[in-house]
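Each remark here refers to the structure printed beneath this line.
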There are 2 protein chains.
Amino acid sequence: MGAHFASQLSGNDGFSPLAVRPGAARPAGTPVQRVAAGTIVFAEGDVADSVFEVVSGTLRLHKVMVDGRRQVTGFVSGGRLLGVAQSGECLCTAEAVTPAVLRRHPRAAFERRIDAEPGLARRILAEMCNDLRRAQDQMLLLGRKSAVEKVASFLLSLAADEDGDYADSIDLPMSRTDIADYLGLTTETVSRTFTKLRNDGLIALPCPVSVEFLDLDQLEDLATGGADGDGWARRPGIC
Amino acid sequence: MGAHFASQLSGNDGFSPLAVRPGAARPAGTPVQRVAAGTIVFAEGDVADSVFEVVSGTLRLHKVMVDGRRQVTGFVSGGRLLGVAQSGECLCTAEAVTPAVLRRHPRAAFERRIDAEPGLARRILAEMCNDLRRAQDQMLLLGRKSAVEKVASFLLSLAADEDGDYADSIDLPMSRTDIADYLGLTTETVSRTFTKLRNDGLIALPCPVSVEFLDLDQLEDLATGGADGDGWARRPGIC
DNA sequence: CGAATGGTTGACGCTTCTCAAACTACGTGG
DNA sequence: CCACGTAGTTTGAGAAGCGTCAACCATTCG
């Protein structure tokens with residue numbers, strides 16, 4: 001346990017300008033690392049000596065219990081940073097679920113840059129705020145939402161762009177097992193819930209990995225626990 | 001919604017030295033604010049214009065859904081910062097569960113200090129790393145642990161000091177409802193689980209708010225899902 | 001073509017939730 | 001001092017959602 005899988009990653013770092021936002025300055029030819037799906041970038045307990053910038057592809061972060069139970073704590077795709085919030089050792093395992101392109105920054109140099117560029121520290125801080133917001137939303141989801149509400153929330157979070165608009169359809173880069181371990185469910189329940197949403201006419205499933213949205217409004221209601229059918233009648237006490 | 005309860009807090013800020021660690025430099029007489037139990041320090045959706053330093057007491061952070069379902073995302077007690085990870089508006093509601101003493105730092109000045117003192121930025125970053133670690137542990141708890149495992153984990157997290165040692169007994173500052181909303185359970189299940197742990201001889205409950213630990217080893221096994229009785233035989237695949 | 005992998009569907013059971021009542025502690029007012 | 005109301009906790013009985021186990025289907029790859 002705690003093996004240094006990070007050494008799987010070859011290549012080195014020419015210190016490109018840490019493009020936190022997708023589409024930000026990314027000079028052609030800066031040294032990046034291509035990894036295959038299934039590659040473990042770092043494992044829970046590893047020495048956290050690097051910060052990664054995800055250029056493209058999707059990674060999965062997860063923790064495991066001694067008996068094998070797994071919790072996916074997040075998916076990270078293009079344009080985001082990975083491994084900033086790790087003091088000492090890695091908090092969780094990061095694995096590529098699709099082929100991915102990464103840019104590695106040695107932690108020591110990364111932290112020197114933070115000290116040297118005041119604006120950078122605030123930008124990193126803002127990134128971590130986002131991580132924390134996502135984590136809190138996920139806690140609400142895991143602790144208080146039903147299976148349908150979880151899946152609806154999940155699909156909408158994937159469909160949403162930065163402006164809060166939704167795509168008409170999406171492709172799921174991850175497996176049903178990954179989704180289940182992300183939502184605190186089993187694959188069977190995830191599958192059944194997809195089927196239920198399809199039967200209810202909220203989504204279409206041309207194939208297991210692609211989802212078309214047929215009724216975004218009703219999906220949003222489900223995701224937030226908003227309207228339970230007729231649109232009125234919440235629980236007493238609030239509202 | 002989003003009312004500015006923060007204005008409940010009077011007093012002002014003489015810029016004491018942001019004591020991130022309990023027991024760090026805290027000049028006598030710096031302006032602090034005393035709040036009663038039940039005081040809402042800030043509410044989800046409020047403008048996040050302040051960072052708070054919790055001097056003493058315990059606060060609860062929580063989010064609510066439109067129908068009233070509630071998820072407590074964390075408890076914050078003496079020596080920790082509150083509200084750093086909020087860009088724009090507050091992510092959740094912060095409420096005192098005990099009488100508390102706070103020190104308020106206007107956000108603008110706080111961020112100027114981050115830019116001015118490079119070391120501070122890293123210390124704040126380290127604080128947020130801890131928040132994120134806690135959040136990830138909580139996701140594992142909420143998504144994958146049973147009721148007993150959740151309660152055992154919760155009790156041990158309260159009993160643990162910075163060195164990883166456990167206290168013999170603790171007083172719970174929060175209600176069963178708060179615990180339930182923190183662990184993704186109902187008050188009834190929390191109560192039943194306490195009773196079960198007592199009947200199994202792992203804890204004693206002189207009164208509802210105080211817990212004595214009678215078998216810390218077995219509690220730890222429960223919390224991690226480690227040994228299920230005989231100490232051997234995990235699931236195949238791992239180990 | 002056959003095996004392997006991932007996804008879907010079904011039957012059943014268990015953990016936890018829901019609803020309800022009783023008990024305790026505490027403060028109020030007669 | 002004691003009856004009373006209130007809020008929090010505990011306990012009980014029944015229901016339901018989701019997990020478990022198992023079989024089946026679809027796709028891919030050798």
Side-chain angles (χ1 to χ4, degrees), chain A residues 36-38 60 65 67-71 97-98 141-152 154-155 171-200 203-211 222 225 228 235-237, chain B residues 37-38 60 65 67-71 97-98 141-152 154 171-200 203-211 222 225 228 235-237:
Chain A
R60 155 170 51 82
M65 292 173 64
D67 61 1
R69 278 176 284 178
R70 204 177 63 145
Q71 178 65 42
V97 295
T98 67
L141 179 146
L142 290 168
R144 287 300 178 221
K145 290 188 182 178
S146 68
V148 222
E149 292 168 343
K150 285 177 176 178
V151 172
F154 172 69
L155 290 178
D171 281 357
L172 303 174
M174 69 290 286
S175 69
R176 293 291 189 268
T177 307
D178 287 341
I179 299 174
D181 285 342
Y182 183 51
L183 301 179
L185 300 170
T186 59
T187 48
E188 294 94 328
T189 301
V190 169
S191 183
R192 273 186 259 267
T193 307
F194 272 100
T195 305
K196 177 175 167 44
L197 290 176
R198 175 169 54 71
N199 291 343
D200 291 354
I203 60 172
L205 294 166
C207 70
V209 304
S210 54
V211 181
L222 271 182
D228 35 331
R235 277 193 202 174
Chain B
R60 155 169 51 82
M65 293 175 63
D67 61 2
R69 276 176 286 178
R70 204 177 64 145
Q71 179 65 42
V97 294
T98 67
L141 180 147
L142 290 168
R144 287 299 176 220
K145 290 189 182 176
S146 69
V148 222
E149 292 169 341
K150 285 177 177 179
V151 171
F154 171 69
D171 281 357
L172 303 173
M174 68 291 285
S175 69
R176 294 289 189 270
T177 308
D178 286 340
I179 299 174
D181 285 342
Y182 182 52
L183 301 179
L185 301 169
T186 59
T187 48
E188 293 94 327
T189 301
V190 170
S191 182
R192 272 186 258 267
T193 308
F194 271 100
T195 305
K196 177 177 167 42
L197 290 176
R198 175 169 54 73
N199 291 343
D200 291 353
I203 61 172
L205 294 166
C207 72
V209 304
S210 55
V211 181
L222 271 182
D228 35 332
R235 276 193 202 174

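Below, chain A is the first sequence line, B the second, and so on; all start at residue 1.
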_Min side-chain heavy-atom separation B/Gln71-A/Lys145 under 4.5 Å_ = no
*Does B/Thr186 place a side-chain N or O at less than 4.0 Å from the phosphate oxygens OP1/OP2 of C/dT16?*
no
*Does some side-chain heavy atom of A/Lys196 sit less than 4.5 Å from a side-chain heavy atom of A/Asn199?*
no
*When every nucleotide of nucleotides 5-14 of chain C is labelled 5' to 3' by its protein contacts under 4.0 Å (heavy atoms), B for base, S for sugar-phosphate only, - for none, what sequence of letters results?*
--SBBBB---
*Can you measure from CG (A/Asp181) to CZ (B/Arg144) and round to the nearest 0.5 angstrom?*
4.5 Å
*Using modelled atom types only, decide if a donor and an acceptor are shared between the side chain of A/Asp67 and the backbone of A/Arg69 within a distance under 3.5 Å.*
yes
*Nearest heavy atoms of A/Ser210 and A/Asp171, plus distance in Å*: CB-OD1, 3.1 Å
*Check for a donor-acceptor pair, side chain of A/Thr193 on one end and backbone N or O of A/Thr189 on the other, with a separation under 3.5 Å.*
yes
*Backbone of B/Thr187 reached by a side-chain donor or acceptor of B/Arg176 within 3.5 Å*: no
*Taking CG from A/Leu183 and P from D/dG17, how many angstroms apart are they, rounded to a whole number?*
18 Å
*List the atom of B/Phe154, the atom of B/Leu172, and the distance in Å for their closest heavy-atom pair.*
CE2-CD2, 4.4 Å
*Hey, what do you get for CD1 (A/Ile179) to OG1 (A/Thr186), rounding to the nearest 0.5 Å?*
12.5 Å
_Atom pair CZ/CG of A/Phe194 and A/Leu205 - distance to nearest 0.5 Å_ = 7.0 Å
*What is the distance, rounded to the nearest whole Å, between atom CG of B/Leu185 and atom P of D/dT9?*
15 Å
*So do the side chains of A/Leu197 and A/Leu155 get within less than 4.5 Å of each other, counting heavy atoms only?*
yes
*asked:* Nearest whole Å is fine: how far is C/dC17 C1' from B/Arg70 CZ?
replied: 17 Å
*Contacting residues from residues 141-152 of chain A, given that a heavy atom lies under 4.0 angstrom of DNA chain C*: none
Restricting to nitrogen or oxygen on both sides, can you table the protein-nucleotides 26-30 of chain D pairs closer than 3.5 Å?
none

*Rounded to whole angstroms, how far apart are CG on A/Asp67 and P on D/dT20?*
11 Å
